[in-house]
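This report refers to the structure that appears directly beneath it.
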Amino acid sequence: MSKPKKLSFADRLLGWFDVHGRHDLPWQSPRDAYRVWLSEVMLQQTQVATVIPYFDRFIKALPTLPDLAEADEDTVLALWSGLGYYRRARFLHAAAKQCVALHGGELPRDYDALAALPGIGRSTAGAILAQAHGLRFPILDGNVKRVMTRFHGIHGHPGQSAIEKQLWALADKHTPAARAADYTQAIMDLGATLCVRSRPACEECPMSVDCVAFRDDLTGQLPSTKPGKVTPTRQTVMLVLRDAQQRVLLERRGEQGVWAGLWSLPEALDSEDAWKAAERLARIDDARALAPFTHVFSHYKLKVEPLLFDEATAHAAIADNPRLRWCDTGDIAALGLPAPVRSLLQSL
DNA sequence: AACGCGGGGCA
DNA sequence: TGCCCAGCGTT
């Protein structure tokens with residue numbers, strides 16, 4: 001006796017959808033390509049609840065694709081007003097005109113022709129073909145990405161091309177030949193109502209029995225967040241000139257750029273430059289490298305190599321420079337210093 | 001205040 | 001190819 005065959009991803013999802021899915025969205029009835037297209041473009045940027053009134057208003061004013069093509073741009077933009085991403089409204093308008101000019105006033109049923117229209121990429125083309133015509137095409141919007149990364153336990157930011165490729169393959173694998181329209185709506189509904197970004201409702205989710213993220217308690221880590229931009233690393237040598245009274249020479253930074261206006265240490269590009277710079281500031285004869293450290297800014301990292309010049313004797317000339325001053329510990333406490341510089345000086 | 005959203009456009 | 005952008009909603 002053979003075991004009962006395990007339900008496929010699509011079958012389980014569709015079973016849930018029939019009971020709990022959304023069946024009364026305005027673009028579901030009547031479900032034509034123009035309405036699906038409009039809803040998809042609006043939904044690229046905005047959630048269902050917000051989209052509905054905009055969709056209703058838009059479709060009432062411009063009920064068919066030729067109506068949109070003939071409308072003037074101001075009308076289209078006015079109907080879009082409040083949704084943001086106005087370039088999409090312009091693409092929508094331009095695509096409608098192209099459909100009138102090239103495709104008999106209808107959206108093409110051919111994937112390549114559809115994806116060639118402005119504002120329609122792979123996912124939107126798939127959604128239109130699946131939802132309006134029941135054709136087996138996958139979609140990969142934010143909902144599907146979230147469901148796939150969690151269900152399969154895919155680590156790595158979905159924006160990375162390798163991850164995205166993997167997600168497309170999984171989205172395609174799970175898309176059934178039968179009920180393609182319902183499946184497309186079902187997976188979006190799952191992502192929008194249960195498999196939400198924070199605090200997903202796994203207890204109610206029909207897919208959790210086979211979901212890797214649920215099994216391994218990873219729903220909080222998946223999908224992986226966008227990695228911080230690879231920040232460039234810059235280097236600097238900070239000069240710690242200390243005189244016989246243990247005072248340190250501080251230099252006020254310029255008004256532009258990082259740490260603007262703060263008191264900091266004189267800097268040099270490298271250790272060779274550091275000697276020259278130090279000799280301009282004081283009479284010195286000995287240097288000792290201190291422990292280097294890296295300071296992280298939002299947009300770059302700064303590797304700091306501090307160089308200590310002890311027993312420095314100030315040149316008379318620098319006394320006249322208001323941007324330079326010899327400070328003892330008490331002075332330093334009262335001045336605005338960048339945190340890493342303060343910390344460096346305290347460690348001396 | 002930071003992040004995410006699909007697709008287009010640019011290096 | 002990878003990256004930046006748009007404008008608003010969500011967290």
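All values reported here derive from a predicted model rather than from experimental measurement. First the proteins, then the strands, lettered A, B, ... as listed; each starts at 1.
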Pair A:Thr175, A:Asp172: side-chain N/O donor-acceptor within cut-off below 3.5 Å: no
Close approaches to DNA chain B from residues 113-149 of chain A, in residue order (heavy atom, under 4.0 Å): A:Leu117, A:Pro118, A:Gly119, A:Ile120, A:Gly121, A:Arg122, A:Ser123, A:Thr124, A:Asp141, A:Gly142
Whole-Å gap separating P (C:dC4) and CD (A:Gln160): 14 Å
Over 12 non-hydrogen atoms of neighbours within 6.0 angstrom of CZ in A:Arg109: no
Value in whole Å for how far the C1' atom of C:dG2 lies from NZ of A:Lys226: 12 Å
Got a list of protein N/O to nucleotides 7-11 of chain C N/O distances below 3.5 Å?
| from | atom 1 | to | atom 2 | distance (Å) |
| --- | --- | --- | --- | --- |
| C:dG7 | OP1 | A:Tyr86 | N | 3.0 |
| C:dG7 | O5' | A:Tyr85 | N | 3.3 |
| C:dG7 | O4' | A:Tyr85 | N | 3.4 |
| C:dC8 | OP1 | A:Tyr86 | OH | 3.1 |

Under 3.5 Å side-chain donor-acceptor pair for A:Gln44 and A:Thr124: yes
Sequence neighbours excluded - salt bridge (Lys or Arg N to Asp or Glu O under 4.0 Å) pairs with any residue from residues 194-221 of chain A: A:Lys6-A:Asp210, A:Arg12-A:Asp210
Pair A:Asp24, A:Gln28: side-chain N/O donor-acceptor within cut-off below 3.5 Å: no
Any residue meeting side-chain hydrogen bond (donor to acceptor under 3.5 Å, both in side chains) with A:Arg57, in chain and number order, not counting sequence neighbours: none
A:Thr236: side-chain hydrogen bond (donor to acceptor under 3.5 Å, both in side chains) partners, not counting sequence neighbours: A:Glu267
Contacts table for residues 154-163 of chain A: side-chain donor-acceptor under 3.5 angstrom, sequence neighbours left out:
| from | atom 1 | to | atom 2 | distance (Å) |
| --- | --- | --- | --- | --- |
| A:His157 | ND1 | A:Gly159 | N | 3.1 |
| A:Gln160 | OE1 | A:His157 | N | 3.2 |

Gap between atoms CD and C1', on A:Glu164 and C:dG2 respectively (whole Å): 12 Å
